[in-house]
> 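For reference, the structure I am asking about is given below.
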Amino acid sequence: SPAPAPLEKVFQYIDLHQDESVQMLKEWVAIESDSVQPVPHFRQELFRMMAVAADMLQRLGAHVASVDMGSQQLPDGQSLPIPPVILAELGDDPTKATVCFYGHLDVQPADRADGWLTDPYMLTEVDGKLYGRGATDNKGPVLAWINAVSAFRALEQDLPVNIKFIIEGMEEAGSVALEELMEKEKDRFFSGVDYVVISDNLWISQRKPAVTYGTRGNSYFTVEVKCRDQDFHSGTFGGILHEPMADLVALLGSLVDSSGRILVPGIYDEVAPLTEEEINTYKAIDLDLEEYQNSSQVAKFLFDTKEEILMHLWRYPSLSIHGIEGAFDEPGAKTVIPGRVIGKFSIRLVPHMNVSEVEKQVTRHLEDVFSKRKSSNKMVVSMALGLHPWIANINSTQYIAAKRAIRTVFGTDPDMIRDGSTIPIAKMFQEIVHKRVVMIPLGAVDDGEHSQNEKINRWNYIEGTKVFAAFFFEMAQLHESPEPSSLM
Ligand SMILES: NCCCC(=O)N[C@@H](Cc1c[nH]cn1)C(=O)O
Ligand SMILES: [Zn+2]
Ligand SMILES: [Zn+2]
């Protein structure tokens with residue numbers, strides 16, 4: 001059905017002011033708010049980014065607090081200040097629903113020399129595509145939310161919901177110190193919040209919108225094999241040593257087979273059983289496998305059907321081997337035997353896998369493989385990160401509102417998708433703050449988050465702003481007269 005008249009006015013305003021929205025994104029992308037490289041220049045840029053955003057929210061009439069997050073201790077003994085987290089609120093009408101938006105304004109590193117076709121910190125429009133670091137992850141979606149609110153303010157229309165913002169600057173570095181803040185604020189800033197919206201992932205299609213109801217978790221492991229702290233000459237010692245790298249390669253090689261099946265005993269025991277109803281949800285997803293394969297530049301995936309691909313990205317665990325610290329990885333033929341190496345791998349977790357159980361299973365398995373090698377080296381296994389999977393009930397109010405908003409703006413139902421990666425804050429909202437979360441992605445599947453030539457389409461950015469505006473309307477309506485199914 002068409003949008004009600006007041007919402008139609010908001011849409012027109014968003015369309016008319018779209019160049020200003022793009023200009024704002026340009027100004028934000030120009031700030032090099034890289035949280036991954038721990039150097040003073042980027043930290044200063046991060047602080048500037050948070051100050052610019054806080055100022056914009058203040059000018060919108062929000063009550064804004066920039067919360068001091070202390071400092072980050074780095075492994076080399078250095079300490080760097082953590083950018084403040086913005087907690088902002090607009091409206092406190094007790095009769096309205098309160099919706100809290102989470103976003104982050106830090107970005108992944110970007111260097112033109114890595115293969116960017118344009119300056120990553122200069123938003124550049126080519127054929128309706130806005131290229132720049134952070135354009136889709138996550139500056140564009142944060143601005144879309146702010147611009148949606150600002151359209152109501154500019155038109156002097158009453159905001160249908162109370163709005164809160166939590167905006168951080170350390171997401172790409174693992175949301176440093178955020179969990180402590182959530183604990184501290186759960187009965188204060190978050191106490192009146194009814195729903196949380198996160199827009200920090202992508203559609204699965206280039207043109208069809210999506211709503212996300214699940215993300216995988218992640219258990220990230222390191223396995224160190226050490227003979228001594230110094231390297232060896234392979235002519236002098238080769239043949240008489242248990243070589244750490246040979247042990248490590250055998251350990252890493254024992255984790256997963258060539259079909260992608262994880263070989264750690266018991267790892268699949270707790271994976272939620274597959275139902276017939278669930279298979280139908282994968283069938284309904286609009287995914288062109290050939291296009292997906294071609295655009296990913298992969299000759300052949302491990303699985304041949306759309307359903308199998310989606311299930312192995314979303315509802316089954318996967319194990320990836322990431323790298324080896326201490327290995328010789330330069331060009332040339334250096335005849336070294338590394339004395340100490342650290343392998344890194346992670347397991348993406350799905351409902352109902354348990355992080356501490358996975359830690360035990362992996363450690364037991366590696367100890368078992370290592371002991372069979374009868375090596376004189378020392379092996380140490382550690383789980384560096386344990387992030388839980390997250391799944392939501394798609395019948396709850398915030399999903400109904402998101403679906404209706406998308407239907408109003410795009411005239412189509414969204415794909416109901418999950419994400420194979422991890423957004424740790426979603427689980428924190430569920431477990432620590434006990435809030436209901438919905439993920440409403442704005443970007444298209446080919447936006448290239450974390451990659452060279454990251455972009456957001458102008459169309460996604462502007463129509464996404466309208467989706468957020470329509471979402472406020474739908475939330476307000478459902479708050480007044482809830483759908484019976486959402487109360488179950
Ligand atoms: N589409 C959203 C991507 C968010 C993201 O990349 N999250 C990281 C978080 C993480 C997990 N383990 C270590 N960091 C991810 O790799 O999934
Ligand atoms: Zn992100
Ligand atoms: Zn990211």
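Whatever order the structure lists ligands and atoms in, that order sets their numbers, starting from 1. Here, residue 1 is the first one in the sequence, and each next residue gets the next number.
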> Under 4.0 Å, heavy atoms only, figure out whether ligand 1 is touched by the backbone of N201, its side chain, both or neither.
both
> Of the non-hydrogen atoms in P338 and A327, which two are nearest, and what is the gap between them?
CG-CA, 4.5 Å
> For the pair R348 and Y316, evaluate side chain to side chain contact (heavy atoms under 4.5 Å, CB included) and give the outcome as yes or no after the intermediate values.
CA-CA 8 Å; R348 295 284 174 177; Y316 288 125; over 6 Å; no
> For ligand 1, which atoms sit closer than 4.0 Å to a heavy atom of D419?
1 (N)
> Taking N, O or S atoms only and a limit of 2.8 Å, check whether E171 reaches the Zn ion (ligand 2).
no
> Please report whether the ring centroid of F301 lies less than 6.0 Å from that of Y292.
yes
> I'd like to know whether the aromatic ring centres of W28 and Y121 sit less than 6.0 Å apart in this structure.
no
> If you take the centroid of each ring, where Trp contributes its six-membered ring, are F472 and W145 closer together than 6.0 Å?
yes
> Less than 4.0 angstrom from a charged side-chain N to a carboxylate O is my criterion; do K344 and E325 meet it?
yes
> Please confirm whether R418 makes a cation-pi placement over W390, using NZ or CZ under 6.0 Å from the six-membered ring centre and within 45° of the ring normal.
no
> Relative to F101, does K164 satisfy both conditions: NZ or CZ under 6.0 angstrom from the six-membered ring centre, and within 45 degrees of the ring's axis?
no
> What are the atoms of ligand 1, with element, lying closer than 4.0 Å to any heavy atom of S421?
1 (N), 2 (C), 3 (C), 17 (O)
> Name of the D200 N, O or S atom nearest the Zn ion (ligand 2)?
OD1
> Looking at the Zn ion (ligand 2), is there an N, O or S atom belonging to E449 that lies under 2.8 Å away from it?
no
> Using a 4.0 Å heavy-atom threshold (strictly under), name the region of R348 that reaches ligand 1: side chain, backbone, both or neither.
side chain
> Looking only at distance, does E449 have an N or O less than 3.5 Å from an N or O of ligand 1?
yes
> Quick one: the NE2 of H450, the Zn ion (ligand 3), OE1 of E172 angle, rounded to 10°, please.
80°
> Students should be able to answer this: which protein heavy-atom is nearest to atom 6 (O) of ligand 1, and at what distance?
H450 CE1, 3.5 Å
> For Q398 and V197: C-alpha separation, side-chain torsions, deciding distance, then whether side chain to side chain contact (heavy atoms under 4.5 Å, CB included) applies.
CA-CA 9 Å; Q398 72 277 24; V197 176; over 6 Å; no
> Contact between ligand 1 and E172 is defined here as a heavy atom of the residue under 4.0 Å from a ligand atom; is it met?
no
> Do me a favour and list the nearest non-hydrogen protein atom to atom 9 (C) of ligand 1 with residue, atom name and distance?
T422 O, 3.5 Å
> What atoms of ligand 1 come closer than 4.0 angstrom to any heavy atom of D200?
1 (N), 2 (C)
> Using a 6.0 Å cut-off, check whether atom CZ of R340 has over 12 heavy atoms from anything other than its own residue.
no
> In ligand 1, which numbered atoms sit nearer than 4.0 Å to a non-hydrogen atom of L385?
12 (N), 13 (C)
> Evaluate I342 against K226 for side chain to side chain contact (heavy atoms under 4.5 Å, CB included), listing each step before the verdict.
CA-CA 8 Å; I342 303 172; K226 179 172 157 181; over 6 Å; no
> Can you check the angle at the Zn ion (ligand 2) formed by NE2 of H104 and OD1 of D137? Round it to the nearest 10°.
90°
> Pick, from T212, D137, L387, the option with the minimum heavy-atom distance to atom 10 (C) of ligand 1.
L387
> What's the shortest distance from atom 12 (N) of ligand 1 to any protein heavy atom, and which residue and atom give it?
N218 ND2, 2.9 Å
